[in-house]
Number of protein chains: 2
Amino acid sequence: MKNYELVLHRVEADLAAGRLRIGGRLPGERVLAEQLGISRPSVREAVRVLEAMGVVRTATGSGPEAGAVIVAEPVSPLTAVLRLHLATNHLPMGDVVQTRILLESWAAREAAGRSPELGPVVELLDRMDAPGLSPEEFHLLDAEFHVALAGLAGNVLIAAVMESLRSAIHGYVLAAVPSLPDWEATAVGLRGEHRAIVSALAAGDADGAAGLVTAHIQGFYQAARLPS
Amino acid sequence: MKNYELVLHRVEADLAAGRLRIGGRLPGERVLAEQLGISRPSVREAVRVLEAMGVVRTATGSGPEAGAVIVAEPVSPLTAVLRLHLATNHLPMGDVVQTRILLESWAAREAAGRSPELGPVVELLDRMDAPGLSPEEFHLLDAEFHVALAGLAGNVLIAAVMESLRSAIHGYVLAAVPSLPDWEATAVGLRGEHRAIVSALAAGDADGAAGLVTAHIQGFYQAARLPS
DNA sequence: CCTATCCTGTGGTCCGACCACAGGGGTAGA
DNA sequence: TCTACCCCTGTGGTCGGACCACAGGATAGG
């Protein structure tokens, strides 16, 4: 048992028992070290891991915002894990795309049955119509759109995984843009597909929305020929 | 920019560029520290994070197995993230169950169309028939069965997420067992449902397999009344 | 040739120190 | 009395150095 794991177990137990809550603060590193009978470097290694896991956010200085504050940020760690394992090439891009299709088509189907509030989503689409958007800006809005769609289904886990998938592959997508035959034409097509998806959602057409989402994602990745 | 992030970026870049591969080794902590112009404690914090992300495995001693070896182990970090965020109560158990149903029914549907090798799966079921299994032992085999099913679909990402979900909720499931009215009867029912799922897979009945998986998972969680 | 020992390099842990930062309270001035 | 400023305190961030346990390989001895 490595020493820093003492801190991880302690924090997890405190969370599960309600002794630590979102917005609360960990004891100071020096205090924690003395309580657990370990050194401050060991405590710091654990805090780093918790930070990487999206459980705490550290800040220097004093006041309520300083120290190691408990947060619940599952997206960044999931993104980091996916990005690192994509980098090892042991996580095929095709599998990521397949997962996106599964999650997003499910989310679209689910959202269509909920008659959700589509105002913010439509506003995103309007912003994507702005002329002169760079591929980078366009894709950031595109990512927001897809994440918002996933959020409409009301499952925080699936929404988090979706956002992580988008973030993890963002760099790869941008790198593939120059290989597209005609970026402007592609963007026009994507805009139209987005509008069609939203229309299907507004009409409560679950099967239609799911099918459109599937075609939308598949179409883009085939056009971009992302490496697997 | 915190110093330990230098190491993370360096490692990710080396992975993406192919300078680091699975089975390779990171430079020693002291060497890395000098190369990047930072201290060894900073390097160690980064290595801890990479270890928590399932990218490296550290070991003391000497020889090819010692040091920080590059691995690709996405399941344990995903499990850790899910467990920690379940502990914060900001990740509803209901969402986890819903995600399991989505992923597993998809995997069953996919596997049914592939006429996969079901031998290992059936062997697991046979082991679950052994009399006198404790709930703990039963559920470990049950977890293996579900993970194996997810693996039949051939998507490493979905299989990893599935395994993580199972591992993350394992403790909660075991804790709920005593609240079941009749554990033995429950186990008999689960065994029968497992056999039916495998039969549907063997017959290539995609819709049937997916429906059985959905009912199997939903039924158990309703019986166990897991907290959300 | 075989065996037992030592050497070397690895991560694991600890100590003590100093820095940058930000808030809060005390103090000097108006 | 009120206000503005400054210092004090506590926080994480970083560093250097030291020692330990461990495991393999090199080496000297039989």
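What you are looking at is a predicted structure, and each value in this text was computed from that prediction instead of being measured. Chain naming here is simple, since letters A, B, ... match the order of the sequence lines and numbering starts at 1 in each.
- Partners of B:Ala66 by side chain to side chain contact (heavy atoms under 4.5 Å, CB included), not counting sequence neighbours: none found.
- For B:Glu34, the side chain to side chain contact (heavy atoms under 4.5 Å, CB included) test picks out no residue, with sequence neighbours left out.
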Below 3.5 Å, can you tabulate the donor-acceptor pairs from side chains in residues 154-161 of chain A to any protein atom, sequence neighbours excluded?
from: A:Asn155; atom 1: OD1; to: A:Leu157; atom 2: N; distance (Å): 2.9
from: A:Asn155; atom 1: OD1; to: A:Ile158; atom 2: N; distance (Å): 2.9
from: A:Asn155; atom 1: ND2; to: B:Asp95; atom 2: O; distance (Å): 3.2
from: A:Asn155; atom 1: ND2; to: B:Gln98; atom 2: OE1; distance (Å): 2.7

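- A:Trp183 has its side chain within reach of A:Leu180: a pair of non-hydrogen atoms, C-beta onward, lies under 4.5 Å apart.
- Shown for residues 7-14 of chain A: no residue has heavy atoms falling under 4.0 angstrom of DNA chain C.
- With sequence neighbours excluded, the residues that form a side-chain hydrogen bond (donor to acceptor under 3.5 Å, both in side chains) with A:Glu137 are A:Ser134.
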Heavy-atom contacts, protein to nucleotides 9-17 of chain D, under 4.0 Å, summarised as B (base), S (sugar-phosphate only) or - (none) per nt, yield -BBBBBBS-
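- Sorted by first and then second residue, the ring pair (Phe, Tyr, Trp, His ring centres under 6.0 Å) pairs with a member in residues 38-92 of chain B form an empty list; sequence neighbours excluded.
- Separating the CD atom of B:Glu65 from the C1' atom of D:dG25 is a distance of 15 Å, rounded to the nearest angstrom.
- Residues passing the side-chain hydrogen bond (donor to acceptor under 3.5 Å, both in side chains) test with B:Glu51 are A:Lys2, B:Arg48, B:Thr58, sequence neighbours excluded.
- Applying the side-chain hydrogen bond (donor to acceptor under 3.5 Å, both in side chains) test to A:His216 and every residue at least two apart in sequence or in another chain returns A:His146, A:Glu193, A:His194.
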